[in-house]
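First the proteins, then the strands, lettered A, B, ... as listed; each starts at 1.
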Amino acid sequence: MDIHLTTGNALINMYAKLQSLAESEWGESDRRKVFDGMSERTVDSLFAGQLSKENKDAQAISANTVLRRFVDIFPQLGSCFDSRSRIGSRVDSCVKKGDGKRWAEARHIYFSAILPIFAQYVDVAKGKEIHGYVIRYSFEKDMYVSSSLINMYSRCSRVEDSIRVFKVTPQRDIISWNSVIAGCVQNSMFDKGLRLFRQMLRDNVILGSVSFSSIMPACAHLTTLNLGKQLHGYILRCGFDDNVFISSSLVDMYAKCGHIRIARWIFDGIKGRDMVSWTAMIMGCDLHGYAQDSISLFEQMKLEGIRPNHVALAAILTACSHASMIDEGRRYFDQMTEEYGIRLGVHKNVDLAEKVVTKIFEIDLENTDDQSHPQHDEINDAIRELLEKMEQAGYVDDTSEVPHNVDDEQKKYLLYGHSERRAIAFGIMSTPAGTTIRVIKNIRVCVDCHTVIKFISEIVVRDNSRFHHFRDGECSCGDYW
DNA sequence: TTAGGGTTAG
């Protein structure tokens, strides 16, 4: 019988999805047969099954193929994909020429499918042209199109634009929320991401697994262990703990929040660990000074047939560097280029260096001592008391890290003001004996404070570089510092 | 019927 339009489209879609399955016996020819048997076809017939996520993941169809087909249907869009000319004027001119009927066929579906390609290639100029078109033809209220736009802008580091799109979307579903929250978190706007997450909870939105894997990195980066634990409980109640995205993000969160053993326990329980899971664990071990574990994990990962990417290589090279393992480091460096074909990047970026320097000079460098803490004087007394005991135990101050141009006595005084030792003194005086004190610092601990902490106690300090487990006058970083 | 969101970094 003649294949009816929507039935035919549905069949094509089915064959396309079957084709994307591993070792599928279905192929292009099955789709073709249905397509050829249809007396009436539309744009949908051409695209059925082609733009689905399953197909993209399986790479059954490349981004370029999608674009080529898209341009076949809408030749006016060609300029948007392969040249610098503006799409907007072309759209208008082809509508004027009476070609508007074809554009009317361009339903929102294609735009929500095409935008992720610009997100992937980080091409905000082309993404914006599509956005203009979306507005002109009133597709912007569609949740699919809007979440594609949110994602495109945030992948291009334009979070403000993402949030703007989110705010003007009249109806929001879980994917709209996840898109904007993930956008904030991926662009290091962790507080904003958490605020939106809480607002989503207040709005009684039912969370999905993606909601958790999107927000968890915020807890990891902010070292907010309590919040991370609450989310972990939530995850267990939802039964999402077998999701590899979520378990990898939990490994990372617990490692960054100081619980390396819990991180390892979660990692060991992951079924179907992928490269990201391994890399998160490798970095976690390194963060805690267990470089040898990082190396054995890396080797084990390779044995399991998982090919490391540039992030995994960065992780293992960092581990070698922290443990002063020069031979291993060189071996991995050679493997990186020879076996894995990874080239060096970043490096010698003068433009970036200039931007950073400009920012640094905008900061008031003289303004470092903040004395506003209500127990400022008590903390001073506690530090003085600790110092006396430390000096009896053999502590000698090291003022080499004090950059100010003052005499040695002044420098010694400046060291008293360092936030890490003040935090420890405050922790000791305000908690019962035996309480775990967690100190989180946003810059690297100073070398003298590092010595001081070794004298004070069995203590764990996390600075911007790593965890320092101080015990019996030794530190887990092996004084690599 | 076709379409949108997620984990790892020096």
Practice task
Taking the side chain as every heavy atom from C-beta outward, state whether A:Met325 and A:Ile295 have any pair of such atoms under 4.5 Å apart.
Solution key: yes

Practice task
Looking at every strand, decide which applies to A:Ser179 at a 4.0 Å heavy-atom threshold: base, sugar-phosphate, or nothing.
Solution key: sugar-phosphate

Practice task
Answer yes if the side chains of A:Thr6 and A:His4 hold a donor-acceptor pair under 3.5 Å, and no otherwise.
Solution key: yes

Exercise for the section: Just say parallel, tilted or perpendicular for the rings of A:Phe298 and A:Tyr332, cut-offs at 30° and 60°. Expected result: perpendicular

Exercise for the section: Could you check which of B:dA3, B:dG6, B:dT7 has an atom nearest any side-chain atom of A:Ser249? Expected result: B:dT7

Handout entry: Distance in angstrom units between A:Ile266 CD1 and B:dT7 P, rounded
Key = 17 Å

Fill in the blank from the handout: Of the listed B:dG6, B:dA9, B:dG4, the closest approach to the A:Ser213 side chain comes from B:dG6

Problem - Closest to side chain of A:Asn151, choosing from B:dG4, B:dT2, B:dG6 - result: B:dG6

Problem - Atom-pair distance (CG on A:Asp242; P on B:dG6), nearest Å - result: 20 Å

Practice task
Can you tell me the distance, in whole Å, between the NZ atom of A:Lys141 and the P atom of B:dA3?
Solution key: 25 Å

Handout entry: Check: B:dG4 base within 3.5 Å donor-acceptor of A:Ser148 side chain
Key = no

Problem - B:dA9 OP1/OP2 closer than 4.0 Å to side-chain N/O of A:Lys256 - result: yes

Exercise for the section: May I ask you to say what A:Ile174 touches in the nucleic acid, namely base, sugar-phosphate or nothing, with a heavy-atom cut-off under 4.0 Å? Expected result: base

Handout entry: All salt bridge (charged side-chain N to carboxylate O under 4.0 Å, His left out) counterparts of A:Glu328, not counting sequence neighbours
Key = none

Practice task
Take the protein atom CD1 of A:Ile181 and the nucleotide atom C1' of B:dG4, then report the distance between them rounded to whole Å.
Solution key: 15 Å

Exercise for the section: Return the nearest nucleotide to the side chain of A:His310; candidates are B:dT1, B:dG6, B:dA9. Expected result: B:dA9

Handout entry: Sugar-phosphate, base or nothing in reach of A:Ser277, heavy atoms under 4.0 Å
Key = nothing

Fill in the blank from the handout: Here the distance between atom P of B:dT1 and atom CE of A:Met14, to the nearest Å, is 13 Å

Exercise for the section: Take the protein atom OH of A:Tyr332 and the nucleotide atom P of B:dA9, then report the distance between them rounded to whole Å. Expected result: 19 Å

Handout entry: Under 4.0 angstrom between A:Asn309 side-chain N/O and B:dA9 OP1 or OP2
Key = no

Problem - Between A:Ser112 and A:Ser148, a side-chain donor and acceptor under 3.5 Å - result: no

Problem - A:Ser154 backbone acceptor or donor facing A:Asn187 side chain under 3.5 Å - result: yes

Handout entry: From B:dG6, B:dT1, B:dG4, nucleotide with atom closest to A:Asp173 side chain
Key = B:dG4

Handout entry: Value in whole Å for how far the C1' atom of B:dG4 lies from CD1 of A:Ile130
Key = 15 Å

Problem - A:Ser112 side chain, from C-beta outward: closest of B:dT8, B:dG4, B:dG6 - result: B:dG4

Handout entry: Pair A:Phe245 and A:Phe212, ring centroids less than 6.0 Å apart
Key = no

Handout entry: Given B:dT8, B:dG10, B:dG6, the nucleotide with the shortest approach to the side chain of A:Asn243
Key = B:dG6

Exercise for the section: Looking only at side-chain atoms of A:Thr318, point me to the closest of B:dG10, B:dG6, B:dA9. Expected result: B:dG10

Exercise for the section: Would you classify A:Ala182 as touching base, sugar-phosphate or nothing, given that sugar-phosphate means primed atoms plus P, OP1 and OP2, and contacts are heavy atoms under 4.0 Å? Expected result: sugar-phosphate

Problem - Options B:dG6, B:dT1, B:dT8, nucleotide nearest the side-chain atoms of A:Ala10 - result: B:dT1

Practice task
Scan A:Val244 against the nucleic acid and name what it touches under 4.0 Å (heavy atoms): base, sugar-phosphate only, or nothing.
Solution key: base

Problem - Closest to side chain of A:Val210, choosing from B:dT8, B:dT1, B:dG6 - result: B:dG6

Exercise for the section: Could you tell me the separation between the OH atom of A:Tyr153 and the P atom of B:dG4, rounded to a whole number of Å? Expected result: 18 Å

Problem - Below 4.0 Å: OP1/OP2 of B:dG6 and any side-chain N or O of A:Arg155 - result: yes

Handout entry: Sugar-phosphate, base or nothing in reach of A:Ser247, heavy atoms under 4.0 Å
Key = nothing

